[in-house]
Amino acid sequence: MDPHLLRTFVAVLDHRSFSSAAASLGYTQSAVSQHIAALEADLGSRLVERRPVAPTPAGARLLEHAPALLLRLDAARADIARLHQARPTHLTLASSPAALGPTVARALAELRATAHALDVEVRVLGREAVLSDVVGGRADLGFVDGAAAPSDPLPMPDLGPTTTLAAAEETLAVLFPLGHPLAGRRAVRLTDLAQAQWIDAPDTAVPLDRLRTVCRTDGFRPWIRHRGTDLHGLAALAAAGHGLAALPLPVAATLPGIAAVPVSEPRLVHRVELVHPVNPTAPARQLADLIAGRSGSGA
């Protein structure tokens with residue numbers, strides 16, 4: 001299965017358009033059509049409905065495998081490249097918005113205090129983009145966040161040869177408008193809020209499908225969708241009554257116009273994990289060691 005054809009297939013279904021996929025990939029529309037036709041011929045099955053653009057049953061099944069396959073290919077390429085492209089004075093850090101908290105910031109400050117010539121770039125991305133950048137070699141290490149039982153790791157896709165470690169565990173909180181009847185509570189139970197209106201913000205807040213999983217319910221349905229990594233924009237939507245969202249309490253408490261109420265049940269924490277290749281650059285390894293020391297000491 002040609003990975004170039006597979007990337008085109010994913011792009012077509014991501015954009016639901018042959019022309020938009022062509023523009024994003026830098027191909028002509030006819031080349032995209034040829035790629036899809038060649039992949040369908042290779043697999044002996046029609047994969048994409050043309051009008052409107054949508055996956056066939058076979059295409060939907062292939063789409064379950066394609067992102068993981070492409071991620072592993074990128075990981076293999078980046079793993080080999082790192083053997084010959086050491087950059088001891090440069091560090092690119094990718095982080096989901098709520099993962100970029102005090103623990104990460106302070107550890108980065110400690111690193112820079114001992115490595116004065118270090119050139120640092122911080123990228124705030126959605127969780128999937130963070131992982132993709134790390135395994136694809138576009139970031140030296142990444143931080144992702146989510147909800148989990150205390151001391152439990154976050155659910156992760158197959159990332160190939162990578163190392164993951166706990167960076168922080170914090171209280172999970174729900175964002176309410178200031179005038180909401182529950183805004184003054186000392187704590188709330190997530191299961192009591194399953195039928196409330198929620199903001200679907202998978203790259204910023206705890207994804208709603210994760211809340212459904214940990215609460216074992218089909219609730220937590222979106223009232224409005226937020227796409228992007230802007231925490232203040234998310235807070236503005238919550239403050240205006242567009243729906244609830246779940247964030248770590250230290251982050252939520254700094255946002256204007258909302259009340260951050262801790263979650264009491266189920267017993268969950270907001271967890272941040274560091275991810276880096278098994279052969280990280282020297283600055284990435286140093287930062288990981290600092291994070292490990294902080295989390296081990298409870299800082």
Side-chain angles (χ1 to χ4, degrees), residues 1-15 20-27 31-32 35 39 62-100 104 107-108 111 118-146 153-167 202-204 207 227-229 271-288 291:
M1 192 183 304
D2 188 329
H4 296 292
L5 305 185
L6 198 58
R7 289 188 194 280
T8 301
F9 165 76
V10 170
V12 165
L13 292 180
D14 278 349
H15 292 280
S20 296
S24 71
L25 295 170
Y27 296 151
V32 168
H35 283 191
L39 185 61
L62 179 60
L63 200 58
E64 295 175 5
H65 297 280
L69 291 171
L70 293 173
L71 193 64
R72 288 303 301 270
L73 288 171
D74 287 343
R77 182 182 296 276
D79 207 26
I80 299 304
R82 273 189 294 269
L83 296 174
H84 310 289
Q85 296 177 357
R87 302 174 68 186
T89 61
H90 183 87
L91 177 70
T92 298
L93 183 159
S95 177
S96 53
L100 190 56
V104 176
L108 186 58
L111 175 64
L118 186 64
D119 177 25
V120 177
E121 178 181 351
V122 177
R123 300 176 183 170
V124 179
L125 307 167
R127 293 175 184 84
E128 291 184 6
V130 169
L131 297 176
S132 178
D133 272 18
V134 172
V135 300
R138 295 177 293 279
D140 298 305
L141 78 169
F143 294 88
V144 292
D145 69 292
L154 296 177
M156 293 274 196
D158 179 7
L159 300 176
T162 56
T163 297
T164 304
L165 62 90
D203 286 335
T204 310
R227 295 293 179 263
T229 56
R271 183 177 172 93
V272 176
E273 292 189 2
L274 181 154
V275 182
H276 66 67
V278 291
N279 56 336
T281 62
R285 186 182 298 279
Q286 289 174 304
L287 184 59
I291 292 289

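Quick note: numbers below take in every heavy atom, side chains included, and nothing from hydrogens, waters or symmetry partners. Since the model is a prediction, treat every value here as computed from it, not as a measurement.
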- Message: Under the criterion side-chain contact (heavy atoms from CB on, under 4.5 Å), I'd like the reasoning laid out for His276 against Asp140: C-alpha separation, chi angles, the key distance, then a yes or no.
- Response: CA-CA 7 Å; His276 66 67; Asp140 298 305; over 6 Å; no

- Message: Test side-chain contact (heavy atoms from CB on, under 4.5 Å) on Leu91 and Leu108; report intermediate values, then the result.
- Response: CA-CA 10 Å; Leu91 177 70; Leu108 186 58; 4.0 Å; yes

- Message: One pair to check against side-chain contact (heavy atoms from CB on, under 4.5 Å): Leu93 and Leu287. What are the steps and the verdict?
- Response: CA-CA 10 Å; Leu93 183 159; Leu287 184 59; 3.7 Å; yes

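Within a 6.0 Å radius of NE2 in His4, other residues, nucleotides and ligands contribute 12 heavy atoms or fewer. A 6.0 Å sphere centred on CD of Gln286 holds more than 12 heavy atoms belonging to other residues, nucleotides or ligands.
Nearest heavy-atom pair, Leu125 versus Thr229, reported as atom, atom and distance to 0.1 Å: C-CG2, 3.6 Å. Between Leu118 and His90, the closest heavy-atom pair is CD1-N, 3.8 Å. Taking every heavy atom of both residues into account, Phe143 and Ala99 meet most closely at O-CB, 3.8 Å. For the pair Pro97 and Asp203, the tightest heavy-atom approach, listed with the atom from each and the gap, is CD-O, 3.1 Å. Considering all non-hydrogen atoms of both residues, Ala66 and Val10 come closest at CB-CG2, 3.6 Å. In this structure, Arg138 and Arg123 approach most closely via the heavy-atom pair O-NH1, 2.9 Å.
Side-chain contact annotation: His15 with Ser20, donor-acceptor N/O pair under 3.5 Å absent.
Atoms CG and CG, on Leu100 and Asp145 in that order, are 10.5 Å from each other to the nearest 0.5 Å. Atoms CG and CZ, on Leu69 and Arg7 in that order, are 10.5 Å from each other to the nearest 0.5 Å. Atom CG of Leu141 sits about 11.5 Å away from atom CG of Asp133, to the nearest 0.5 Å.
When side chains are defined from C-beta on, Val12 does not count as touching His35, because their heavy atoms never get closer than 4.5 Å. Side-chain contact between Leu39 and Thr8 is absent, with no heavy-atom pair separated by less than 4.5 Å. Residues Thr162 and Leu131 fail the side-chain proximity criterion, which asks for heavy atoms closer than 4.5 Å. Side-chain contact between Glu128 and Pro67 is absent, with no heavy atoms from C-beta onward closer than 4.5 Å.
Between Phe9 and the choices Leu70, Asp14, Leu62, Val32, the side-chain contact (heavy atoms from CB on, under 4.5 Å) rule is met once, by Leu62.
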